Amino acid sequence: MVESVTTRMETFSDGVFAIAATLLVLEISVDTAHTHDLGSALLHLWPSYLAYVTSFITIGIIWMNHHTCVETMVRVDRTFLFLNLLLLMTVSFLPFPTRLVADYLQRPGEQAAVYAYAATFVVMAIVYNAWWRYASNGRRLIGHTVPESRINAITRAFNPGIPIYALTLLVAVFSPLASVFLTFAIAAFYLPSAALFER
């Protein structure tokens with residue numbers, strides 16, 4: 001019965017991750033009614049491509065790590081399910097600030113757009129850290145056969161999340177474009193670094 005509850009939570013989470021990732025691409029569009037040079041229009045969409053790739057990779061990493069973390073758990077409780085809902089809420093919100101970056105980067109209003117984008121990542125990192133630390137503290141939800149070394153490795157991988165995303169918010173004060181590129185660099189770094197979860 002416990003295993004069923006864990007499986008149901010992960011299945012529901014997978015669905016939200018998939019929908020959020022799919023919605024990202026719907027934010028990329030060309031106004032064909034007012035476009036005479038399609039090639040030029042596609043090139044001018046580079047902020048959309050940058051925001052899309054950054055957000056998609058980030059959602060993908062969260063999904064992979066979510067799966068890895070849940071593998072260590074033998075049960076869930078109501079508090080953890082609530083934290084999981086908060087995590088999914090921030091993930092499903094991501095297409096909105098992604099669209100803001102796509103529409104306003106390098107245009108008037110870009111700073112507010114990137115503030116919203118970076119702040120979403122900060123909130124996501126805070127909630128994700130709380131999610132894992134609640135489950136792992138005192139091995140509250142962790143299976144007794146899971147080695148402590150694996151729990152410590154996952155925790156170490158979570159540790160930089162809040163500070164580095166807070167840094168992107170700080171950088172946005174001085175350069176919105178640099179903040180978005182930094183967010184992309186973080187996603188690119190974490191993609192191969194998923195191996196940390198297995199050490």
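Just so it is clear, the values below take in all heavy atoms, side chains as well, and ignore hydrogens, waters and symmetry mates. A quick note: this is a predicted structure, and the numbers were derived from the prediction, not measured.
Checking D14 against H67 by side-chain atom types alone, no donor-acceptor pair falls below 3.5 Å. Counted by atom type alone, N129 and R133 present one or more donor-acceptor pairs between their side chains at under 3.5 Å.
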Identify every side-chain donor-acceptor pair in residues 111-118 under 3.5 Å, counting partners at least two apart or on other chains, and give the distances.
from	atom 1	to	atom 2	distance (Å)
Q111	NE2	A172	O	3.0
Q111	NE2	V173	O	2.8
Y117	OH	S55	OG	2.8

Table please: side-chain donor-acceptor pairs of residues 138-145 below 3.5 Å, with sequence neighbours left out.
from	atom 1	to	atom 2	distance (Å)
R139	NH1	V146	O	3.3
R139	NH1	E148	OE1	2.7
R139	NH2	G143	O	2.7
R139	NH2	V146	O	2.6
R140	NH1	Y134	O	2.4

Show me, pair by pair, the donor-acceptor contacts under 3.5 angstrom made by side chains of residues 174-188, not counting sequence neighbours?
from	atom 1	to	atom 2	distance (Å)
S175	OG	A178	N	3.2
S179	OG	T168	O	2.6
T183	OG1	S179	O	2.9

Margin query: Applying side chain to side chain contact (heavy atoms under 4.5 Å, CB included) to I154 and S136, what does each step give before you reach the verdict?
Written below: CA-CA 10 Å; I154 294 175; S136 62; over 6 Å; no
Notebook entry, point to check: Going through the distances and angles, do L24 and I59 end up as a side chain to side chain contact (heavy atoms under 4.5 Å, CB included)?
Noted result: CA-CA 10 Å; L24 292 172; I59 290 176; 3.8 Å; yes
Checklist line | Audit row: T90, F121, side chain to side chain contact (heavy atoms under 4.5 Å, CB included) steps and yes/no | finding: CA-CA 8 Å; T90 60; F121 279 96; over 6 Å; no
Note to self: What verdict does the side chain to side chain contact (heavy atoms under 4.5 Å, CB included) test give for E71 and R150, after you've listed the backbone C-alpha separation in whole Å, the side-chain angles of each residue and the deciding distance to 0.1 Å?
What the structure shows: CA-CA 11 Å; E71 280 185 330; R150 187 178 185 194; 3.4 Å; yes
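Under the ring-ring contact (aromatic ring centres under 6.0 Å, His included) criterion, F82 pairs with no residue at all, not counting sequence neighbours. Residues meeting the ring-ring contact (aromatic ring centres under 6.0 Å, His included) test with Y52, sequence neighbours left out: F56. D103 meets the salt bridge (Lys or Arg N to Asp or Glu O under 4.0 Å) test with R99; sequence neighbours excluded.
Residue F96 is not grouped with residue L105 when hydrophobic side chains (ILVMFWY) are merged at heavy-atom distances under 4.5 angstrom, including chains of intermediate members. In the hydrophobic clustering of this structure, L100 does not group with L169; members are Ile, Leu, Val, Met, Phe, Trp, Tyr whose side-chain heavy atoms approach within less than 4.5 Å, directly or through other members. F93 and W63 fall into different hydrophobic clusters, where Ile, Leu, Val, Met, Phe, Trp and Tyr are joined by side-chain heavy atoms under 4.5 Å apart, directly or via other members.
Between S13 and N84 the shortest heavy-atom distance is OG-ND2, 2.9 Å. In plain terms, the two heavy atoms of N159 and P163 that are nearest each other are O-CD, 3.5 Å. In terms of heavy-atom proximity, T58 sits nearest to T54 at OG1-O, 2.8 Å. R156 and P160 get closest at one heavy-atom pair: O-CD, 3.3 Å. Of all heavy-atom pairs spanning S48 and A102, the tightest one is OG-CB, 3.3 Å. Residues A51 and V101 come closest through the heavy atom pair CB-CG1, 3.9 Å.
Rounding to the nearest 0.5 Å places CD1 of I126 at 12.0 Å from CG of L86. Between the OG1 atom of T72 and the CD1 atom of I151 there is a distance of 4.5 Å, given to the nearest 0.5 Å. For the atom pair F189 CZ and I61 CD1, the distance stands at 10.0 Å (nearest 0.5 Å). To the nearest 0.5 Å, the span separating CH2 on W131 from CG on L88 amounts to 9.5 Å. Distance check: M89 CE to L94 CG gives 13.0 Å after rounding to the nearest 0.5 Å.
At distances below 3.5 Å, at least one donor-acceptor pair connects side-chain atoms of T68 with backbone N or O atoms of M64.
Between F80 and M9 there is a side-chain heavy-atom pair separated by less than 4.5 Å. Between L83 and V127 there is no side-chain heavy-atom pair separated by less than 4.5 Å.
Applying the ring pair (Phe, Tyr, Trp, His ring centres under 6.0 Å) test between H66 and each of F17, F158, F12, W132 identifies F17 as the sole match.
Other residues, nucleotides and ligands contribute over 12 non-hydrogen atoms within 6.0 Å of the OH atom of Y128.
Separation of the Y49 and W46 ring centroids does not fall under the 6.0 Å cut-off.
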